[in-house]
Amino acid sequence: MTEFTSSSSSTIHTHAAQPSQEEEKRRNSSSSLSHTNKHTTNDTVEVLTTSLHTGPTATFAIDPVVDATIHDKEKQDLEVKESFPNGNYNNAITSASSPTTTTVVTAPRPKPGFWKQHLSIRPEFHGDPRVELSRFRKAIILCIISQAGSLGGFSSTIYFPSLVLITAELNASQTAINASVSLFILFMGISPLISSTLSDTFAIRRVLYIGFTLIFALASLGGAYANSAGSLIAARVFQAIGSGGASILGAGTVADIYPPEEQGTSMGLMFLGQFLGPVLGPPLGGVLAKAFGWKSTFYFMAIVAAIVIVELFFLLPETYRAPDMDVLKEMEEVKGCAAEGVDGKNVPPRRTGVAFNPFQSVMLLKHPVVLLSSIELGMIFALMFSIETIAPVLFTNAYGLAEDQVGLTYLGAGGGSILGAIMGGKLSDLALMRAKAKNGGEIVLEDRLSLSMWIAGFLVVPLGSLLFGFGAEKGLSIAVPIVGFGIYNFGMAQVIAAGAAYLVNAIPGQGSSATAAANFLRMVMACIFSLIAQIIVNHVGYGNYGIIQAAINIVCMALFYIVKLRGASMRETATRKEEASRK
């Protein structure tokens with residue numbers, strides 16, 4: 001009991017044995033406490049005493065519940081006042097309609113202005129992008145990053161029909177012009193190592209998209225003003241740095257905004273740009289070169305890049321999500337689901353105390369799950385690119401086509417890529433969802449590597465290689481090698497769509513880095529095969545080269561199948577090692 005005593009000698013006592021008076025005092029105490037909310041905390045005791053005063057001298061026995069409530073009120077009001085250092089106390093919403101008081105404080109959070117938000121290195125995004133973004137907004141983002149990813153593919157082949165003309169006009173050797181092709185592919189593999197490491201180290205994507213695309217735009221203008229083989233090679237190298245650095249971020253962005261069961265379809269659509277670029281570049285380049293000269297192809301790429309930069313600036317939010325709980329615990333709770341971020345808070349931590357190393361992404365190839373996946377994803381693309389490099393010579397010499405007609409022969413491959421990417425991604429997602437239902441809601445990433453993907457890799461791709469090779473070797477109708485190339489790309493797109501969606505989630509928190517490691521291996525392979533493909537054909541013929549391609553792909557698919565069988569344990573081991581290396 002707590003007592004308040006006045007200066008007079010008469011006393012009024014309240015006892016527990018008098019329930020009617022006790023109830024009366026409880027009601028009066030509650031009423032007076034509600035009244036105190038209209039005044040400051042310092043007046044609480046005075047108002048309560050006044051409301052209970054019944055004579056010139058009184059001792060009041062206050063129930064412990066009410067007494068404790070008074071002290072709670074004082075403490076809570078003090079905390080509210082201290083939370084508003086600028087005196088903005090009226091913004092606190094306080095509710096105290098019963099002896100138990102509840103205080104809810106809503107702190108004002110000013111929103112940054114439009115330009116401040118868009119010019120920021122890392123604009124804030126509140127909530128989980130997978131939940132907060134509408135399907136329409138996600139579609140816009142997917143379209144933009146697909147455009148950014150297509151720049152490298154287009155620029156890699158858009159001047160293929162003009163190579164003979166460029167060699168003559170710049171008075172360059174065939175070796176120097178071939179170097180502009182090979183070095184472009186090589187730096188397309190090196191540049192993503194830098195951008196992916198920056199992305200995972202500083203938890204950013206948007207500013208890297210814009211920065212690397214700007215490099216590509218400036219390099220394209222430089223290529224338009226090239227007057228020697230050296231300046232052309234330099235422009236091509238910086239084109240590769242810009243386009244490669246931006247394109248590799250797409251897989252990470254897809255993982256940011258889509259849940260695992262939707263990533264296959266989204267990844268396939270995102271890769272459409274990268275697939276279509278190499279096959280649509282030649283026909284577009286042939287038309288431009290014939291109408292305006294070979295330099296128009298570089299002006300065209302600069303204009304497209306400028307449009308993409310505007311779209312990135314105004315329409316792409318920062319979506320980077322990093323794991324914010326113990327990764328191994330998450331993998332135990334949801335077997336195989338290593339998607340980045342789980343609790344809806346898009347506040348990824350920046351790695352501190354770690355030296356920036358652009359080649360640390362390549363070190364992920366030491367993990368079997370990354371290496372075995374990357375070998376097949378890299379080889380299937382490299383063999384496709386080798387067909388692209390030998391096709392112009394084939395269709396010019398064997399079928400007598402002009403440069404603009406040669407470009408049109410790539411449309412069959414483009415159609416195959418579109419169908420394969422859409423179908424492969426969708427079938428991959430369906431396989432994952434069906435397996436999830438059978439597993440009682442558990443997501444196992446290896447279930448994404450569906451039967452349709454294995455059929456495409458083991459049967460469809462080799463069939464395309466053989467059709468192209470023997471169609472050219474035997475001098476069959478021009479439709480045979482064109483259809484063969486299209487079938488090859490149809491199978492390739494299915495394998496890459498499913499494989500990339502698997503790889504980006506294989507090691508939590510390092511989706512961009514794992515994708516960059518695979519891309520590096522892919523571009524190194526493409527660089528090598530683009531240099532030796534014509535040499536091999538000259539020695540063994542188109543038919544035997546088709547057999548070599550089919551055999552290589554079957555062997556690499558067999559290596560990839562090991563991931564299907566043992567991927568879960570390999571991912572767990574890789575995750576533990578990466579976690580240990582960060583400590």
Side-chain angles (χ1 to χ4, degrees), residues 129-130 133 137-156 188-189 191-200 203-216 240-260 262-278 304-305 308-309 311-313 315-321 339-340 361 374 377-378 381 417-418 421-422 424-425 428 493 496-506 510-520 522-523:
R130 293 171 298 184
L133 293 174
R137 185 77 186 278
K138 290 178 181 180
I140 294 295
I141 293 173
L142 189 62
C143 180
I144 294 172
I145 64 175
S146 181
Q147 292 177 44
S150 71
L151 296 177
F154 269 111
S155 58
S156 68
M188 275 283 289
S191 175
L193 301 178
I194 300 174
S195 63
S196 65
T197 303
L198 287 172
S199 177
D200 288 340
I204 53 176
R205 297 203 203 282
R206 179 179 178 271
V207 69
L208 296 178
Y209 275 115
I210 297 173
F212 278 93
T213 306
L214 180 61
I215 292 174
F216 175 84
I241 292 174
S243 58
S247 64
I248 200 62
L249 301 172
T253 302
V254 168
D256 289 339
I257 65 177
Y258 288 100
E262 297 180 13
Q263 288 176 13
T265 301
S266 305
M267 202 73 73
L269 294 174
M270 187 273 295
F271 273 113
L272 267 182
Q274 298 186 29
F275 294 153
L276 291 179
V304 172
V308 172
I309 290 173
E311 293 176 342
L312 291 169
F313 183 83
L315 300 178
L316 182 69
E318 178 56 70
T319 61
Y320 189 99
R321 291 185 301 104
E340 303 175 12
S361 298
S374 301
L377 298 180
F381 177 85
S417 296
I418 294 174
I422 296 175
S428 176
I496 291 182
Y502 173 82
L503 190 60
V504 76
N505 289 294
Q510 301 204 48
S512 291
S513 296
T515 305
N519 180 78
F520 175 75
R522 177 175 66 182
M523 291 305 174

Identify the two heavy atoms, one from [X] and one from [Y], that lie closest to each other, and give their separation to 0.1 Å.
X: L315; Y: R137; value: O-NH2, 3.6 Å
X: S247; Y: G244; value: OG-O, 3.2 Å
X: S191; Y: G245; value: OG-N, 3.1 Å
X: G189; Y: F520; value: O-CD1, 3.3 Å
X: M188; Y: S243; value: SD-OG, 3.2 Å
X: S374; Y: A518; value: OG-CB, 3.2 Å

Taking the side chain as every heavy atom from C-beta outward, state whether [X] and [Y] have any pair of such atoms under 4.5 Å apart.
X: L249; Y: F212; answer: no
X: V308; Y: F216; answer: no
X: L377; Y: R522; answer: no
X: M523; Y: F381; answer: yes

Approximate separation, where rounding is to 0.5 Å, of [X] [atom1] and [Y] [atom2]:
X: I418; Y: L269; atom1: CD1; atom2: CG; result: 11.0 Å
X: L198; Y: L193; atom1: CG; atom2: CG; result: 11.0 Å
X: S513; Y: N519; atom1: OG; atom2: CG; result: 12.0 Å
X: I204; Y: Y320; atom1: CD1; atom2: OH; result: 10.0 Å

### Task
Take Y209 and T253, measure what side chain to side chain contact (heavy atoms under 4.5 Å, CB included) needs, and give me the verdict at the end.
CA-CA 11 Å; Y209 275 115; T253 302; 2.7 Å; yes
### Message
Here's a test for you: under side chain to side chain contact (heavy atoms under 4.5 Å, CB included), which of E311, R206, R205 qualifies with L316?
### Response
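For L316, the side chain to side chain contact (heavy atoms under 4.5 Å, CB included) test succeeds with only one of E311, R206, R205, which is R206.
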### Message
List the residues meeting side chain to side chain contact (heavy atoms under 4.5 Å, CB included) with T515, not counting sequence neighbours, and say none if there are none.
### Response
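For T515, the residues satisfying side chain to side chain contact (heavy atoms under 4.5 Å, CB included) (neighbours in sequence not counted) are I248, A251, V504.
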### Message
Taking side chain to side chain contact (heavy atoms under 4.5 Å, CB included) as the definition, give me every residue that meets it alongside I257, ordered by chain and number, with sequence neighbours left out.
### Response
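I257 satisfies side chain to side chain contact (heavy atoms under 4.5 Å, CB included) with P129, L133, K138, I141, T319 once adjacent residues are dropped.
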### Task
Tell me, please, which residues at least two apart from T213 pass side-chain hydrogen bond (donor to acceptor under 3.5 Å, both in side chains).
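With sequence neighbours excluded, T213 shows a side-chain hydrogen bond (donor to acceptor under 3.5 Å, both in side chains) to no residue whatsoever.
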For [Y], is there any backbone N or O sitting under 3.5 Å from a side-chain donor or acceptor partner on [X]?
X: S156; Y: G153; answer: yes
X: S428; Y: A498; answer: no
X: R130; Y: A255; answer: no

